[in-house]
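This chain uses plain numbering: 1 for the first residue, then up along the sequence.
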Amino acid sequence: MTGELFVRRGGSGDRTLLLLHGLGGTGEVWQGLTDRLPGEWNWVVPDLPGHGRSASVPSYTFGGLAAEIAKSISGEVTVVGHSLGGVLALTLASGWFGSRVPAVCGLGIKVRWSEEDLAKAAAVAAKPARVFATREEAADRWLKVSGLVGLVPLEAVSAGVVPDGDGWRVALDQGAFGVGAPDMRGLLAAAGGKVVLAAGEHDPMCPAEHLRELVPDPVVLPRLGHNAHVEDPAALLPLLDRLR
């Protein structure tokens, strides 16, 4: 535990890799990748603030979330982030938070946000958390919220749910849905090192053509969807080669 942020660490290499999950998820989504990392890496995997085993914060902004994450790292760090975690990876790459980030990969970042998208997200953020009668019902809801239905078995859901009174709820602060839309062009301009944007070929939230409006050479992962790092963790290993 680092302050109020839950962090897992592993590996024995001389290079540090920070892995940031997306909205609704927990650090467990990276297990398939950390199990496959080459020996040169040691890894740091937090639950984002307001997610899983990490404490909530009073408000959710990209800068505020990045500042909390920065407390768990030091020195030079390569960052890979998925969806919301990808935005936070780019935010850390600005160099505003202390550690040097020579390379960063944003995977499956939603870069186009309509007024309707933002209004829906704000409405969800304002709702109280739903409490379910059973752990299984809450776990099923967590799988839907995190986009992991069919990718993670119900019985494997652990930190995604917590007891609440006589029932269970998703381990996610609803307020996190209100974080808003990222300024992708600003983040890319501020990044101090190498940047790779990537997405699954069938990611409905992050089509390759949207990324090509921002960078000339996004990486498209064949046959994969929004949670490419869970669907096929080994597919991310070539991305790490690009971050050298």
Side-chain angles (χ1 to χ4, degrees), residues 1-9 18-30 44-74 77 79 81-99 101 104 106 108-111 113-132 138 141-142 144-147 157-165 167-184 186-187 190-191 205:
M1 185 78 73
T2 303
E4 295 184 329
L5 196 72
F6 182 88
V7 182
R8 294 186 302 119
R9 303 175 190 272
L18 174 66
L19 297 168
L20 303 176
H21 65 77
L23 181 64
T26 67
E28 271 74 16
V29 299
W30 296 108
V44 180
V45 179
D47 288 352
L48 299 184
H51 293 69
R53 294 148 293 193
S54 290
S56 300
V57 291
S59 64
Y60 291 86
T61 65
F62 299 120
L65 292 171
E68 290 299 315
I69 294 164
K71 296 175 184 178
S72 68
I73 56 177
S74 61
V77 182
V79 190
H82 170 247
S83 198
L84 168 60
V87 178
L88 300 180
L90 291 171
T91 306
L92 289 167
S94 67
W96 299 333
F97 301 95
S99 291
V101 180
V104 60
I109 299 174
K110 178 176 171 64
V111 299
W113 289 80
S114 67
E115 290 302 318
E116 182 181 8
D117 290 334
L118 292 170
K120 286 181 178 178
V124 173
K127 290 181 179 179
R130 183 178 175 185
V131 178
F132 296 87
R141 177 60 180 165
W142 179 78
K144 292 173 181 175
V145 168
S146 56
V157 175
S158 56
V161 296
V162 291
D164 188 319
W168 292 79
R169 63 172 175 82
V170 171
L172 167 66
D173 184 348
Q174 292 284 115
F177 283 97
V179 69
D183 174 10
M184 289 295 293
L187 289 169
M205 295 181 65

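Taking each heavy atom of Val131 and Gly167 in turn, the nearest pair found is CG1-CA, 3.9 Å. Closest heavy-atom contact between Ala171 and Ala159: CB-O, 3.3 Å. Between Ala89 and Gly81, the closest heavy-atom pair is CB-N, 4.1 Å. In terms of heavy atoms, Val145 sits closest to Gly24 at CG1-CA, 4.2 Å. The nearest pair of heavy atoms linking Gly22 to Ser83 is CA-CB, 4.2 Å. For Pro49 against Ile69, the heavy-atom pair with the smallest separation is CD-CG1, 4.5 Å.
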* Test log, rule side chain to side chain contact (heavy atoms under 4.5 Å, CB included), inputs His51 and His21 -> CA-CA 10 Å; His51 293 69; His21 65 77; 3.6 Å; yes
* Does the pair Glu28 and Arg53 meet the rule for a salt bridge (charged side-chain N to carboxylate O under 4.0 Å, His left out), with working shown? -> CA-CA 11 Å; Glu28 271 74 16; Arg53 294 148 293 193; 2.8 Å; yes
* To do: Show your reasoning for whether side chain to side chain contact (heavy atoms under 4.5 Å, CB included) applies to Val29 and His82.
  => CA-CA 10 Å; Val29 299; His82 170 247; over 6 Å; no
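Taking CG of Leu20 as the reference point, atom CG of Leu84 lies at 8.5 Å (rounded to 0.5 Å). With values rounded to the nearest 0.5 angstrom, Ile109 atom CD1 is found 4.0 Å from Met184 atom CE. We find the CG-OG distance between Leu5 and Ser72 to be 5.5 Å, quoted to the nearest 0.5 Å. Summarising the geometry, atom CG belonging to Asp117 is positioned 8.5 Å from atom CE belonging to Met205; distances are rounded to the nearest 0.5 Å. Here the CG-OG distance, from Leu65 to Ser59, works out to 8.5 Å after rounding to the nearest 0.5 Å.
Take Ala70 and apply the side-chain contact (heavy atoms from CB on, under 4.5 Å) test, not counting sequence neighbours, and it matches Leu92, Phe97. Here Arg169 pairs with Asp164 under the side chain to side chain donor-acceptor pair (under 3.5 Å) rule; sequence neighbours left out. Under the rule for a side-chain contact (heavy atoms from CB on, under 4.5 Å), the partners of Ser56 that lie at least two apart in sequence or sit in another chain are Tyr60, Asp173.
If you run side-chain contact (heavy atoms from CB on, under 4.5 Å) between Val101 and each of Leu90, Thr91, Val79, only Val79 comes through. When Asp47, Val161, Leu48, Val157 are each tested for a side-chain contact (heavy atoms from CB on, under 4.5 Å) with Thr26, only one passes: Asp47.
The main-chain N or O of Ala126 is never found under 3.5 Å from a side-chain atom of Gln174 such that the two would form a donor-acceptor pair.
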